[in-house]
Amino acid sequence: MLAAWADSPMKAPGPLLGGVELGGTKCVCLVGTGPEDILARTSLPTGADPAVTLERIAAVLRDWNRDHGPIAALGICSFGPLDLIRTSATYGCITSTPKPGWGRVDVVGPLSRACAVPVGFDTDVNGAALAEGRWGAAIGCGSYAYVTVGTGIGVGLVVGGRPVQGFSHPELGHIRIVRRAGDSWKGACSFHGDCVEGLASGVAIERRTGRRAADLKPDDPVWELVAHALGQLLHTLVLATAPQRILLGGGVMNGQAHLFERLRRELQQSLNHYIDAPEVGAQIAACVRPPGLGDLAGPLGALAVAADALTTG
Ligand code: ADP
Ligand code: ZN
């Protein structure tokens, strides 16, 4: 992409940032100063051997540091759950993931040795949320959520400008919900059965129907069940944090645009007029919507996290 600032002598580029989005199936690496100024981007498979995958990513970062650098800060966003507590002995590690081989793997250590700069580390969904707040559909919002509905379901929840963090990051994809009347399928979550992820993730849809989610037509009855479960998640998000935006991405939402209208309806029915606000009333389509950055929300999240590492040290 051409640098947007190149035409303007008034606007200098920001610092050069490296970003790594570690996904369950692939890792996206990029280097640049922001969405309009990506100098290089590459994608690698997330292999079964974490050491090999992380060394391949580190090699990419070392090459970019030499060819485009110096890189001023690095951002790493990963599938989780993660240890994000800086004082913890296992800070920078993936913790209890069901992905074989990747449990208790140190992600930050090997990658930060590739370039000795400030390193930010966050979940993939927190990163995507931060990128949307900086460059996408949540600019100007202090409190909002980024929900991904893909292989699993994750929520990046920003309140007061920062991702929510307690003893760990929230895991709202696993909340328990009110089931749709007449539906007693046991669900696909290996921890909880019929939590939201267990009912509405790509894996859950495929297990329930026995078919590829991408092959299911919009009039398939499973989508009503998926919209209901997601509507319940949104109900909790609205009541817990009154988000100004709820952005929904991931393979399932990207591939099934009809779900947006259905889950807005499910949310409104579930709230039953209890919340009197345009965000869940007349303006719901502008507030419960796809991400502004599309597929780039995740990778750009790593750049947003890198930029924050530079300011927070
Ligand atoms: P990940 O969650 O692994 O990062 P994605 O966000 O791309 O990856 O989500 C992958 C999931 O999206 C898979 O479970 C797949 O079945 C589902 N998916 C992909 N395309 C479609 C589609 N057109 N309609 C519904 N689901 C889809
Ligand atoms: Zn669960």
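For ligands, and for the atoms within them, numbers begin at 1 and follow the listed sequence.
- With sequence neighbours left out, D83 forms a side chain to side chain donor-acceptor pair (under 3.5 Å) with S88, T90.
- Under the 4.5 Å side-chain criterion, counting only non-hydrogen atoms from C-beta, I175 is in contact with L233.
- At the top of the distance list for atom 26 (N) of ligand 1, counting protein heavy atoms only, stands A213 CB, 3.3 Å.
- Under 4.0 Å is where a charged nitrogen must lie from a carboxylate oxygen, and between E55 and R62 at least one such pair does.
- Protein atoms that are N, O or S and lie under 2.8 Å from the Zn ion (ligand 2) are these: H174 ND1, C189 SG, H192 ND1, C195 SG.
- At the top of the distance list for atom 23 (N) of ligand 1, counting protein heavy atoms only, stands G255 CA, 3.4 Å.
- At a heavy-atom cutoff of 4.0 Å, ligand 1 is contacted by the side chain of E206 but not by its backbone.
- Between T148 and ligand 1, no N or O atom pair is found at a separation short of 3.5 Å.
- With sequence neighbours excluded, no residue satisfies salt bridge (Lys or Arg N to Asp or Glu O under 4.0 Å) with R207.
- Scanning all protein heavy atoms for the shortest distance to atom 9 (O) of ligand 1 gives G150 CA, 3.2 Å.
- W185 has its side chain within reach of R179: a pair of non-hydrogen atoms, C-beta onward, lies under 4.5 Å apart.
- For the side chain to side chain contact (heavy atoms under 4.5 Å, CB included) with I153, the qualifying choice from L248, L230, T148 is L230, the only one to do so.
- The local environment of CG in D295 is sparse, with at most 12 non-hydrogen atoms from other residues, nucleotides or ligands closer than 6.0 Å.
- Taking a cut-off of under 4.0 Å to the non-hydrogen atoms of G202, the atoms of ligand 1 that pass are 14 (O).
- Among all protein heavy atoms, the one lying closest to atom 19 (C) of ligand 1 is G251 O, 4.0 Å.
- Within a 4.0 Å radius of atom 4 (O) of ligand 1, the protein contributes no non-hydrogen atoms.
- Taking only nitrogen or oxygen atoms, main chain and side chain alike, T25 does not reach within less than 3.5 Å of ligand 1.
- A salt bridge does not link R56 to D49: none of the charged nitrogens lies less than 4.0 Å from a carboxylate oxygen.
- Considering only residues two or more places apart in sequence or on other chains, E171 meets the salt bridge (Lys or Arg N to Asp or Glu O under 4.0 Å) condition with none of them.
- In terms of protein heavy-atom proximity, atom 2 (O) of ligand 1 is closest to T151 N, 2.9 Å.
- At under 3.5 Å, not a single nitrogen or oxygen of G250, backbone or side chain, sits near a nitrogen or oxygen of ligand 1.
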